[in-house]
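What follows is one structure encoded as structure tokens, with my remarks underneath.
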Amino acid sequence: MKLFNNTAPTIFTALLFSALFSGCAIVPAERDPRDPWESMNRAVFKFNDAADKAVFKPAAQAYRFVTPKIVRTGVTNFFSNIYDVNVFFNDLFQGKGQRAVADAGRVIINTTFGLGGIIDVAGAAGNPKRNEDFGQTMGVWGMGPGPYWMLPLLGPSSTRDALGRGVDTLLTPTSYIDNTRLSIGLLVLDNLNLRANLLGTERVLDEAGAIDRYSFLRDSYLQRREVLIYDGNPPKKMDDDDFDLEELDEPEQPAGPEPATKQ
């Protein structure tokens, strides 16, 4: 299941994360070294969850009720096409030349033949949507994630990904719209549509019944980010299963001359 499949650093995305993993949390006895400010992060988590339940989830439910699925799909494709511009630039930053050509092709084809991106013509033709952002780019360059953060109204992040959000904002074409009302309207529509699309996912996760949803969210987020940085093939971590205990109990005997055979 892809829990984090949208690169837009937006309010509704963050609040969705909180909604998906809300509930009574059990603070683990041992502090996770990736999360040195866990107490503060849990407080922000509760705030985001409360804001979602009070405002954003009801708004998403109303939007989904009044908006036909075909329209929501068109809205999703439209904003996905915009964020493919970010994907293209991050392909270049990561030295992925072939992917950059393919993702540039997605933008050109969908914008030209897909009615401004409303129809994913490129995807239907075998050029699928990819996920790249500047947080991933810095990871590819060798920068570690740094401490985990739960940002107010922006949700789960790391120090590296928080910095990446700023660069991705500069790469997003809609950031340069010189019309405040239009810019805000697009921002609200994008996030409202995203939140509505993930209402079904929330029900699935509720049925999973995670004991500590804050920790589950944190671990899922960090794992997902690592998978994205390595394009689905993160390095295997060494654990006890990697050792053959029988070989450790019986060390290899040094080689010596073969015993003489009786004539």
Is the shortest side-chain heavy-atom distance between [X] and [Y] below 4.5 Å?
{"X": "L194", "Y": "F79", "value": "no"}
{"X": "N90", "Y": "D168", "value": "yes"}
{"X": "L189", "Y": "F78", "value": "no"}
{"X": "N81", "Y": "V107", "value": "yes"}
{"X": "M138", "Y": "F93", "value": "no"}

Is it true that [Y] and [X] share a donor-acceptor pair across their side chains at a distance under 3.5 Å?
{"X": "Y221", "Y": "D161", "value": "yes"}
{"X": "D120", "Y": "S80", "value": "no"}
{"X": "N41", "Y": "E38", "value": "no"}

| Does N127 offer a backbone N or O that forms a donor-acceptor pair with the side chain of R106 under 3.5 Å? | yes
| message | Donor-acceptor check, side chain of R165 to backbone of L154, threshold 3.5 angstrom: yes or no? | response |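 Yes, because the side chain of R165 sits within donor-acceptor range (under 3.5 Å) of the backbone of L154.
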Is it true that [X] and [Y] have a side-chain N and a carboxylate O under 4.0 angstrom from each other?
{"X": "R34", "Y": "D219", "result": "yes"}
{"X": "K57", "Y": "D49", "result": "no"}
{"X": "D212", "Y": "R218", "result": "no"}

| request: Spell out, yes or no, whether Y148 and V227 are grouped together once hydrophobic residues are joined by side-chain heavy atoms under 4.5 Å, including indirect joins. | output: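 In one cluster: no.
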| message | Are there over 12 heavy-atom neighbours, none belonging to F65, within less than 6.0 Å of that residue's CZ? | response |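 12 or below, so no.
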| field | Pairing residues for D231 by the salt bridge (charged side-chain N to carboxylate O under 4.0 Å, His left out) criterion, not counting sequence neighbours | value |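 Here the qualifying residues are K96, R99.
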| request: Give me the one residue out of D91, V87, V85 that meets side chain to side chain contact (heavy atoms under 4.5 Å, CB included) with F89. | output: V85
